[in-house]
Amino acid sequence: MADNKFAAYICSGCGIGDAFKMAALEKVATKEGKMSMVKSHPFLCNAEGVQMIRDDIANEAVTHICIAACSRRAKTEAFNFPTVAMSRANLREGVLWVVAAGAEHDEVRQEMAEDYIRMGCAEIKKMNLPKGNANRDQTRNKSILVVGGGMTGMTAALAAAEAGYEIVLVEKTDALGGFAARLWKRVPFSGPYAAPQATGVAEMAASIGANARIKVHLNTTVAETGGAPGRFKIKLATESGSVSELTVGAIVQASGFTPYDIGKLPELGGGQANVVDQAGLEALAKAANGGAIKRADGKDIKSVVFVQCAGQRDETGTHLPYCSGHCCATSIKQAMYFKDANPEVDTVVMYDDLRVPGMGEDFYRSAQQKGVIFTKGKASKVTGGDSCKVEFADLILDEQTSIDADLVVLATGQVANAGVNLDAWTEVNTLAEGGDEGAKQKRTEMKTISILNLDYRQGPDVPQFKHGFADSHFICFPYETRRTGIYAAGPMRRPMDMLQATEDATGAAMKAIQAVENAAAGRAAHPRAGDLSYPIARLEGCTQCKRCTVECPFGAIDEDEKRFPVFNEERCRRCGTCMGACPVRVISFENYSCDTVGMQVKAVNVPDEDEEKPRILILACENDAYPALDMAGVQRLTYSAYVRAIPVRCLGSVNTIWITDALNQGFDGVMMMGCKKGDDYQCHFVKGSEMAYYRMSKIGDTLTQLGLEPERVVTEEVAITDNARVAKLINDYAAQINDIGLSPMKGFG
Amino acid sequence: MSDLNTQAVARYKNNFLREVEERVEEGNMVKMCMQCGVCAGSCPFGPHWQHSPQKIFMMIRAGKREEVLSSDSMWMCTSCYNCIVRCPRKLPITHIMHGLANYAHRLNLAAKGQPTRDVARLFWNNLMKTGRINELTFSLGLYFKDGFIQGIKNSLAMQAAGLGLLKAKRLNPMEIFGGHKCKEKSGIHRMIAKAREIEDRRRGLA
Ligand code: SF4
Ligand code: SF4
Ligand code: SF4
């Protein structure tokens with residue numbers, strides 16, 4: 001790389017010039033950072049400062065720059081030089097704003113700033129400008145496959161088609177509409193929220209039929225899905241057995257739900273005459289076609305009881321533990337079917353908590369106006385038959401009592417149609433690959449419920465979270481499954497009502513559009529949207545240990561026949577978990593690698609023992625922890641000047657070599673800060689922080705071998721709002737290190 | 001059973017909610033209660049009565065006619081309006097409570113010996129005699145409502161207060177002989193009778 005030219009730009013604005021000895025900083029960049037050009041500027045982010053850098057890039061052939069100014073998260077629009085590689089030394093939020101004021105801190109403050117300059121220079125030396133996915137010519141397909149023709153799928157198809165994309169809509173039955181088509185009416189989508197509305201299925205199906213951009217395949221399932229965003233290879237199988245192939249850019253999975261089997265609720269009369277679930281009541285209402293709803297035996301209905309939460313919110317572990325969210329409003333709607341046709345029909349909705357999200361409260365009130373009786377009670381036993389009886393505990397009047405009714409409706413919940421559970425699959429598949437015949441058969445059986453039939457190494461469907469719903473980052477990226485380019489929408493993602501499903505559908509459609517556009521440009525999807533880097537593996541050094549393949553949270557890595565990893569760039573989210581996993585460190589990104597971080601660690605000037613200045617390395621997740629550190633600075637919260645923070649893409653990308661290197665070099669402690677892991681995880685890469693904890697749980701041995709206390713490496717969960725907490729965490733840890741004493745490793749590094 | 005009660009039972013069969021909606025002041029709002037319990041928690045009398053407004057409303061919906069109408073609860077309401085102010089569903093709770101008390105009284109189902117009811121009845125009868133309240137006979141009536149001996153005891157207990165009132169000229173002993181009256185008593189009586197007639201017609205009690 002003879003043509004590389006390195007330059008450092010140090011800003012003296014925002015008070016940096018007053019707090020630090022600028023000449024010394026420049027000297028560090030030149031002498032130690034080995035930058036061939038070092039310039040200071042009093043206001044680097046203004047037009048003049050930025051122009052100076054632009055000119056150097058244009059006229060001086062600068063290819064790599066280190067900007068020593070504010071945090072890498074600040075002034076990103078000003079410091080946007082897409083043609084060069086860039087590192088940022090965080091002098092403002094990272095030093096100036098967090099080190100206590102006063103002359104007695106001048107020395108440590110200056111040391112900290114100099115270290116950040118050393119680190120920024122060391123990092124840029126190892127960085128390259130990412131060129132983007134080299135295969136992007138093959139990933140230019142921008143059509144979108146929508147799997148499932150229910151309300152969610154139809155909405156997604158129409159939304160994406162309207163935005164100008166070609167849609168392939170696959171529905172396994174012989175008509176569009178899904179569950180919505182089985183309804184007599186729907187809970188209202190619009191004001192005044194006083195009465196049920198027509199489902200709108202027929203109109204939607206008609207506009208889909210009339211839309212030239214949407215190609216509908218009825219009686220069709222997805223027999224195989226391979227490839228990656230921008231180049232998914234799909235095999236569609238029709239009922240008759242014919243198979244067709246096509247290529248799509250992204251997939252919206254809208255495979256819906258199945259009502260919980262009423263047969264599993266014998267204690268609530270499931271299976272007995274005149275006890276139906278909500279779907280059963282819809283069928284009766286459809287048969288009545290606007291007239292008085294009659295029972296299956298043709299008799300009139302004078303009284304009906306709706307039993308809410310039937311087989312839901314169950315704490316015994318027998319039935320669904322969760323609330324399906326829509327069923328209170330659905331029962332209200334169904335009670336209105338009766339009241340609207342004949343106000344003399346007695347309708348009782350028996351609830352424990354009535355949950356009517358959105359504008360449902362108005363709908364609830366309207367039902368009360370219409371005379372629907374709401375009873376807070378818990379049904380213990382339902383007897384069906386010619387005259388049904390609901391025995392229940394009245395939770396307000398505190399008594400055990402009963403009501404008679406002609407018909408009982410059980411509000412059962414939604415069971416996600418999300419395909420094969422990958423945890424169960426992996427177990428069976430491992431046995432099957434080992435040659436177990438029983439497991440092979442089981443595997444074939446399991447695949448019958450698969451929706452996508454992915455040919456991914458990690459299994460045939462998107463990974464699931466709790467209770468069989470598709471996994472996605474609930475708060476930040478609800479539609480992103482853990483398979484890039486495949487977006488979950490509707491009740492297969494979480495329990496929801498029809499209106500929420502349509503909102504989901506448009507969200508997922510937008511994400512799918514983003515995915516095809518990003519893939520075509522060779523860029524990452526969220527959360528590093530626009531990132532052009534991707535993992536590059538030096539396969540000569542690979543020991544085929546498969547750790548990267550297994551640990552990648554997104555199933556981006558397949559294996560070739562020789563069991564070497566095969567990276568599918570378009571599936572990759574650029575988290576670096578594979579890089580953190582690789583024991584022989586052959587995986588790297590052009591701008592983020594074991595070296596870019598490793599060299600920063602090495603660049604820190606660790607004082608000798610007798611100086612009594614400890615050094616603590618912080619590896620902070622760039623999504624939450626690093627912003628929290630920045631915010632601590634913005635709020636002028638002070639923390640120890642002995643820490644040196646390096647942002648990482650995800651704690652999952654932390655390679656243990658960085659930690660052992662740091663300790664060997666004489667660092668006194670290492671703090672890792674990442675997002676919350678576990679069931680209510682916040683990790684932007686889902687499994688990254690969990691992997692980090694797992695790996696760190698194994699680092700104890702290494703520490704003992706080095707003769708170090710286990711407290712020298714700690715892992716903390718930090719949320720983006722934790723700015724005050726993060727400062728306290730640092731100070732507490734610095735105090736703890738002070739108690740343990742300085743590392744015995746100093747001077748050996 | 002009073003005639004009115006027999007008639008009501010026959011008319012509404014088991015639909016007590018409808019009976020309340022048609023016959024009790026603001027009873028049509030009972031169905032709108034969402035059982036949040038805010039009224040029960042707001043009422044300063046909460047711990048002291050049998051049923052909170054929340055429970056009363058649920059009992060009405062559950063068809064517990066006897067229990068509701070003979071409950072002492074609505075008699076305990078002091079009209080502080082805490083509940084009305086706080087009810088998220090804007091139920092005129094205080095008014096409904098008084099409406100229920102009134103209805104229970106009309107049907108002669110109200111709790112026997114309920115002091116509030118006794119006072120109210122004394123007050124009303126006293127007022128109807130002359131068209132004005134006669135404080136002396138009203139107080140004495142109250143003292144002697146449980147018999148002569150108890151009446152003497154009550155009077156002695158209140159002696160100091162009575163003398164004080166006399167001294168301050170707030171009590172005229174001459175009132176015992178009938179006291180001052182309205183100019184046209186029969187007019188008042190006619191007016192009240194008319195009002196009742198209108199109201200009874202409206203509520204289907206006629
Ligand atoms: S672990 Fe992360 S960086 Fe590596 S291939 Fe998977 S998604 Fe990409
Ligand atoms: S108005 Fe009556 S019922 Fe309401 S809070 Fe006051 S005392 Fe209780
Ligand atoms: S506050 Fe209103 S809505 Fe709540 S329980 Fe009382 S009457 Fe019902």
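Throughout, a chain's letter reflects where its sequence line sits, starting with A, and its residues are numbered from 1. Fair warning: this is a prediction, and the values are worked out from it, not measured in the lab. Scope of the values below: all heavy atoms of this structure, side chains included, with no hydrogens, waters or symmetry mates.
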Separation between CD1 of B:Ile56 and CD1 of A:Ile396, rounded to the nearest 0.5 Å: 13.0 Å

Contact class of B:Ala40 relative to chain A, heavy atoms under 4.5 angstrom: neither

Check against side-chain contact (heavy atoms from CB on, under 4.5 Å), B:Arg61 and A:Phe374: CA-CA 8 Å; B:Arg61 292 172 359 182; A:Phe374 290 84; 4.1 Å; yes

Minimum side-chain heavy-atom gap A:Leu397-B:His51 below 4.5 Å: no

A:Arg313 atom CZ, neighbour heavy-atom count above 12 within 6.0 Å: yes

Flag if over 12 foreign heavy atoms under 6.0 Å of CD, A:Glu315: no

CE on B:Met29 to CD on A:Gln368, rounded to 0.5 Å: 9.5 Å

Portion of B:Met34 that has a non-hydrogen atom of chain A nearer than 4.5 angstrom: both

Nearest-0.5 Å distance that lies between atom CD1 in A:Ile373 and atom CE in B:Met58: 7.5 Å

More than 12 heavy atoms of other groups within 6.0 Å of B:Glu22 CD: yes

Within 6.0 Å of CG in A:Asp340, more than 12 heavy atoms from elsewhere: yes

Other residues, nucleotides, ligands: >12 heavy atoms within 6.0 Å of B:Lys13 NZ: no

B:Met128 atom CE, over 12 foreign heavy atoms within 6.0 Å: yes

Within 6.0 Å of CZ in B:Phe123, more than 12 heavy atoms from elsewhere: no

Minimum heavy-atom distance B:Arg18-A:Glu344, with the two atoms named: NH1-OE1, 3.6 Å

4.5 Å side-chain heavy-atom contact, B:Arg89 and A:Arg365: yes

